[in-house]
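First the proteins, then the strands, lettered A, B, ... as listed; each starts at 1.
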Amino acid sequence: MTRYWLFKSEPKVFSIDDLARRPHKTAPWDGVRNYQVRNMLRDEIKVGDLVFFYHSNANPPGIVGLMKVVKAGYPEPNQDRPVWFQVDVEWQKKFSSMITLDEIKQNPLLQTMLVAKRGNRLSITPVSSEESKAILKMSA
DNA sequence: GCCAACGTTGGC
DNA sequence: GCCAACGTTGGC
């Protein structure tokens with residue numbers, strides 16, 4: 001069963017277009033420094049899982065496209081004590097228009113999304129299959 | 001183990 | 001740039 005996730009990135013730092021320009025449209029998702037998210041990267045996120053790319057700190061913020069996990073959690077290179085993990089993601093598609101945070105908040109099916117809740121700061125969150133269907137429908 | 005101070009995230 | 005929310009740190 002395919003699982004869905006939402007990964008946040010500031011487009012000024014790394015955008016969906018940056019991912020599309022990578023060799024093989026693939027990049028390691030690194031730099032996570034939160035233990036809860038680390039554990040998801042290490043234990044839960046699997047090859048074949050689909051990932052919504054969310055632009056945070058953007059104007060407006062929102063979901064801009066879809067990625068796929070092509071390599072499951074492995075330690076970031078050159079780490080010593082606290083070992084941080086990364087996965088590799090591959091660009092799948094960019095939505096013809098972004099689904100803004102505002103639209104997410106206004107869709108009754110997406111009220112449950114963590115990203116719609118104030119104060120949520122996790123850079124990676126699970127997305128239910130119902131939520132993912134609703135998002136994909138909005139993007140069509 | 002409590003909790004105040006501090007740092008970071010991210011919407012606005 | 002502001003600031004609310006919340007995770008982390010470190011003194012006790």
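- Atom CG in A:N39 sits about 14 Å away from atom P in C:dG7, given to the nearest Å.
- Rounded to whole angstrom, the span from the CG atom of A:N34 across to the C1' atom of C:dT9 amounts to 15 Å.
- In this structure, A:R38 atom CZ and C:dG7 atom C1' are separated by 14 Å, rounded to whole Å.
- The pair A:R33-A:E76 meets the salt-bridge criterion, since a charged nitrogen lies less than 4.0 angstrom from a carboxylate oxygen.
- Rounded to whole Å, atom C1' of B:dG11 lies 16 Å from atom CE of A:M113.
- At the phosphate of B:dT9, neither OP1 nor OP2 sits under 4.0 Å from any side-chain N or O atom of A:K8.
- Nearest-nucleotide positions on DNA chain C for A:R118 and A:R33 put A:R118 closer to the 5' end.
- Counting non-hydrogen atoms under 4.0 angstrom, A:K105 reaches the backbone sugars and phosphates but no base.
- Whole-Å rounding puts the A:Y35 OH to C:dT9 C1' distance at 11 Å.
- Toward the 5′ end of DNA chain C lies the nearest nucleotide of A:N57, the other residue of the pair A:R121 and A:N57 mapping further downstream.
- Salt-bridge annotation for A:D49 and A:K46: absent, with no side-chain N of the basic residue lying under 4.0 Å from a carboxylate O of the acidic one.
- For the pair A:L114 CG and C:dG7 P, the computed distance is 12 Å after rounding to whole Å.
- Taking the centre and axis of the six-membered ring of A:Y74, the NZ or CZ atom of A:K71 falls inside the cone set by 45° and 6.0 Å.
- Note: CG (A:L122) to P (C:dC6) measures 10 Å, nearest angstrom.
- A:Y54 has no side-chain polar atom (N or O) that falls below the 4.0 Å cut-off from OP1 or OP2 of B:dT9.
- Rounded to an integer number of Å, the gap from A:H55 NE2 to B:dG10 C1' is 14 Å.
- Checking A:D102 against A:Q106 by side-chain atom types alone, a donor-acceptor pair falls below 3.5 Å.
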